[in-house]
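Every chain is numbered from 1 and lettered A, B, ... according to where its sequence line falls, protein lines coming before strand lines.
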Amino acid sequence: MDFLHELNDNQREAVLHTEGPALVIAGAGSGKTRVLTYRIAHLLSKGIPAYHILALTFTNKAAREMQKRISQLVGAENASNLWMGTFHSIFSKILRFEADKLGYTSNFTIYDTQDSKNLIKAIVKDLKLDDKVYKPNDVLGRISMAKNNLIVAQAYAQSSRITNADAAARKPMIAEIYKHYQMRCKQSDTMDFDDLLLQTNILFRDFPEVLAKYQQKFRYILVDEYQDTNYSQYLIIKKLSESHHNICVVGDDAQSIYSFRGARIENILNFRNDYPDFKIFKLEQNYRSTTTIVNAANSIISKNKEQIPKRIFSENEEGEKIKVLRALSDKEEGFQVTNEIFKMANYEQEEYSDFAILYRTNAQSRILEEALRKRNIPYKIYGGQSFYQRKEIKDLLAYFRLSVNQNDEEAFKRIINYPRRGIGDTTIDKIREIAQQHRVSMWTVLCNLEKVAGSFNNSSLTKLNNFRLLIEKFAERSQEENAYDVACTIVQSSGITDDLSNDSTPEGVSRKENIQELLNAIKDFSETAYKEGFSDKLATFLEGVALLTDQDTEKPGDDNKVTLMTIHAAKGLEFPNVFITGIEEELFPAQQCASNPQALEEERRLFYVALTRAEKKVVMSYATTRYRNGQIISTRPSRFIAEIDPHFLDGFIAPRQETSPFNFKTTSPFRKPVSETLAPVHTTPLPDIGSSKLKPIEPNSVIPGMILFHPTFGTGKVLSLEGLGVNKKAKMFFNKEGTKTLLLKFAKLFIQED
DNA sequence: TATAGGTCGCTTTTT
DNA sequence: GCGACCTATA
């Protein structure tokens with residue numbers, strides 16, 4: 001047990017306290033993963049069999065990282081018997097064992113978010129509802145919210161609180177859509193992501209003997225990032241640990257940033273109520289960052305009310321102050337940031353891989369990328385389309401899914417006419433209709449075509465039968481052959497190969513490469529499975545792949561590059577130098593969060609996360625104007641800058657004081673409909689500048705907020721800009737004429753000479 | 001049935 | 001600014 005010496009006192013105590021509930025509050029950079037892995041290693045060394053230990057994470061990446069580190073401590077053999085993985089992967093495994101109890105088969109397939117949205121779209125159409133009102137995103141959001149709170153379709157419809165809310169939002173039919181949605185998932189033998197947790201809860205609720213079995217099995221439970229658990233996940237853990245209370249949760253309430261997808265920070269805040277015999281361990285020493293960064297982060301987070309008291313400290317050197325860059329536009333911000341990186345890389349010998357540029361929204365990345373390209377600075381960008389989201393990959397996966405589960409409706413619809421085999425929308429709609437009437441899957445209709453032959457013409461019947469035979473062949477083969485052989489057959493005989501060969505555009509070539517890449521992965525899977533003696537069937541491959549995203553696929557050649565990503569994506573990572581960009585009101589904090597104290601606290605935690613990613617140096621930047629949704633708007637520095645103890649800042653001059661520097665009473669008029677905002681802003685007329693010295697102004701220099709003079713309309717204020725180049729228009733307010741939109745190419749505008 | 005052109009809408013994101 | 005998605009059109 002010599003590895004215990006590598007821990008500080010608090011870490012060691014947390015590792016050694018194995019019996020009974022433990023709450024580990026792990027501040028940023030305090031060695032959280034180390035505690036988790038050593039704790040598991042310690043349990044194993046005490047002789048507890050690996051299969052009695054359940055360790056849950058939120059991402060595959062975190063699970064893999066932990067697996068790797070435990071392997072190093074106790075050997076790969078021992079580590080591989082642990083039950084370790086994401087909530088979704090672990091419980092989908094269990095659900096496959098117990099599927100029949102819930103009316104599913106163990107071959108159920110998994111709908112990704114796009115499948116769910118497509119199904120909702122189809123239901124909205126079937127129910128003849130307005131698709132402008134029932135947008136798939138919104139509806140799925142409501143259903144997801146319900147599922148994460150264990151509200152099934154019936155309960156949803158019966159809850160007056162919920163249905164009233166829907167009615168108030170003029171969407172009274174969501175309950176009905178939810179019912180259909182759930183019915184059709186079941187009919188398709190599919191579960192969506194939320195189902196994997198919801199159905200687990202149903203399983204444990206309705207089958208106490210099954211629950212007891214898993215309580216027996218999982219004698220020691222560990223949960224990473226506990227502050228990110230939603231109610232559904234929380235309850236699963238609570239039930240599993242009910243009999244023994246050997247539960248250790250690790251997390252940091254200060255880093256809870258996922259409430260928008262159902263995470264409940266109160267799960268960690270209320271741990272003490274659930275387990276009164278709990279013991280708390282606080283990891284307060286930050287090993288990652290300079291004292292300046294840690295203290296700056298502390299000064300920010302102390303503004304939050306709801307938190308577990310702790311004192312994060314660093315014994316590292318003081319380090320540089322936090323630099324604040326001010327730019328006049330988003331473009332210039334990109335320039336300044338890259339300039340700074342360029343200087344540090346060239347004069348201070350920093351590696352490009354030592355830099356991260358973080359932003360609140362993905363939309364900010366483009367302009368930063370441009371700036372990096374101009375400087376020839378290599379970069380990689382996280383987020384964006386993942387490998388498994390690509391069309392060609394999803395098409396092929398749909399073939400796999402249908403081969404394993406013929407009732408999978410979204411897979412069925414995706415490929416019944418891809419590649420083109422002359423089965424058009426009309427035919428597909430008919431099949432769907434018949435399926436609806438008889439309450440069976442579309443596949444079942446396909447298998448009983450002779451009973452409804454009258455509905456189709458002969459040519460359609462032939463085509464449909466051929467498709468059925470094709471899939472049946474794949475299904476048979478997938479029972480017998482290994483995944484790789486079946487996959488190759490599918491790619492060939494489905495016509496995918498031919499379809500892609502006809503496409504010699506660069507996109508087409510890249511599609512072929514992607515298909516090949518997936519085939520390689522399957523080959524790898526089949527060989528490993530064969531060697532290690534577990535199932536090498538397509539169904540097994542699919543189980544794993546459905547829950548996979550490629551956040552983790554580190555591409556070769558990505559070594560010495562600047563990293564760009566959202567702050568959310570950066571959680572859990574660290575970099576020597578971190579740039580936090582776009583620190584402006586209404587962007588960060590996001591404008592829809594400003595009025596809601598809880599949302600604002602979450603934004604502040606997000607800012608805290610951003611700061612604490614850095615080891616040595618933080619640079620923050622803001623612009624005073626920014627393109628947003630195709631419009632230039634003027635912006636002001638975020639309140640978060642002022643919330644940092646100025647002692648830690650370099651280069652930020654707080655704007656002239658009113659009561660508080662950022663207590664702006666008027667909101668920017670540039671983003672709301674003019675009718676709403678014009679009145680308060682312009683109750684007092686603009687001062688006439690027509691009498692002062694004027695000079696003509698270039699269309700490109702016009703910026704919202706400017707007071708300009710127009711020969712006909714007189715003095716006016718630029719409210720917003722729209723259009724580009726020669727079509728650039730300015731919406732302006734004039735004392736005499738009210739609001740006018742002017743094409744800048746023609747408008748003779750003048751600005752006051754200074 | 002493919003494609004061009006117009007409209008809409010728009011935090012954060014894992015599984 | 002841009003992508004997703006719908007619709008018109010030949």
Interatomic distance where [atom1] belongs to [X] and [atom2] belongs to [N] [whole Å]:
X        : N      : atom1 : atom2 : answer
A:His568 : B:dT11 : NE2   : C1'   : 8 Å
A:Gln114 : B:dT13 : CD    : P     : 17 Å
A:Leu95  : B:dT15 : CG    : C1'   : 14 Å
A:Lys117 : C:dC5  : NZ    : C1'   : 13 Å
A:Tyr134 : C:dC5  : OH    : P     : 21 Å
A:Asp195 : B:dT14 : CG    : P     : 20 Å
A:Asn596 : B:dT11 : CG    : P     : 16 Å
A:Arg360 : B:dT12 : CZ    : C1'   : 5 Å

Under 3.5 Å, is there a donor-acceptor pair between the side chain of A:Arg184 and the main chain of A:Leu119?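 Here the side-chain-to-backbone pair does not exist.
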
Looking at the side chain of [X], which of [options] is the nearest nucleotide?
X        : options                : result
A:Phe193 : B:dT15, B:dT11, B:dT13 : B:dT15
A:Ala569 : B:dT13, C:dG1, B:dT15  : B:dT13
A:Tyr258 : B:dT15, B:dT12, B:dT13 : B:dT13
A:His88  : C:dG1, B:dT15, B:dT13  : B:dT15
A:Arg261 : B:dT11, B:dT14, C:dG1  : B:dT14
A:Ala590 : B:dT15, C:dC5, B:dT11  : B:dT11
A:Thr566 : B:dT12, B:dT15, C:dC5  : B:dT12
A:Lys135 : B:dT15, B:dG9, C:dC2   : B:dG9
A:Phe260 : B:dA2, B:dC10, B:dT13  : B:dT13
A:Thr361 : B:dT15, C:dG1, B:dT12  : B:dT12

With the six-membered base ring of B:dT14 as reference, does the ring of A:Phe58 sit under 5.5 Å away with planes under 30° apart?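 Stacking between A:Phe58 and B:dT14: absent.
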
Which part of the nucleic acid, if any, lies within reach of A:Glu225 when heavy atoms closer than 4.0 Å are counted: base, sugar-phosphate only, or nothing?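 Here A:Glu225 touches no strand at all.
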
Salt bridge (Lys or Arg N to Asp or Glu O under 4.0 Å) with [X]: which of [options]?
X        : options                      : value
A:Glu584 : A:Arg628, A:Arg626, A:Arg636 : A:Arg626
A:Asp224 : A:Lys61, A:Lys571, A:Lys32   : A:Lys32
A:Asp115 : A:Arg401, A:Lys394, A:Lys121 : A:Arg401
A:Arg360 : A:Glu585, A:Glu586, A:Glu603 : A:Glu603

Go nucleotide by nucleotide along DNA chain B from the 5' end; which of A:Leu606 and A:Lys132 gets its closest nucleotide reached first?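 Nearest-nucleotide comparison on DNA chain B picks A:Lys132.
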
Does A:Ile423 or A:Ala546 map to a spot on DNA chain B nearer the 5' end, using the closest nucleotide for each?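 Closer to the 5' end of DNA chain B: A:Ile423.
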
Are A:Lys463 and A:Phe456 in a cation-pi contact, defined as NZ or CZ under 6.0 Å from the six-membered ring centre and within 45° of the axis?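 Verdict for A:Phe456: no cation-pi partner in A:Lys463.
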
What is the glycosidic conformation of B:dT11: syn, defined as within 90° of 0, or anti?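 It is syn.
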
Does a nitrogen or oxygen in the side chain of [X] sit under 4.0 Å from OP1 or OP2 of [N]?
X        : N      : answer
A:Arg366 : C:dC2  : yes
A:Asn60  : B:dT14 : no
A:Asn362 : B:dT13 : yes

Using only modelled atom types and a 3.5 angstrom limit, is any donor from either the side chain of A:Thr113 or the base of B:dT13 paired with an acceptor on the other?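 Absent.
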
Mind checking the OG1-CG spacing from A:Thr200 to A:Leu95? Nearest 0.5 Å is all I need.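 Going from the OG1 atom of A:Thr200 to the CG atom of A:Leu95 covers 3.5 Å.
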
Looking only at atom P, what distance separates B:dT13 and C:dA4, rounded to whole Å?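 That atom pair is separated by 16 Å.
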
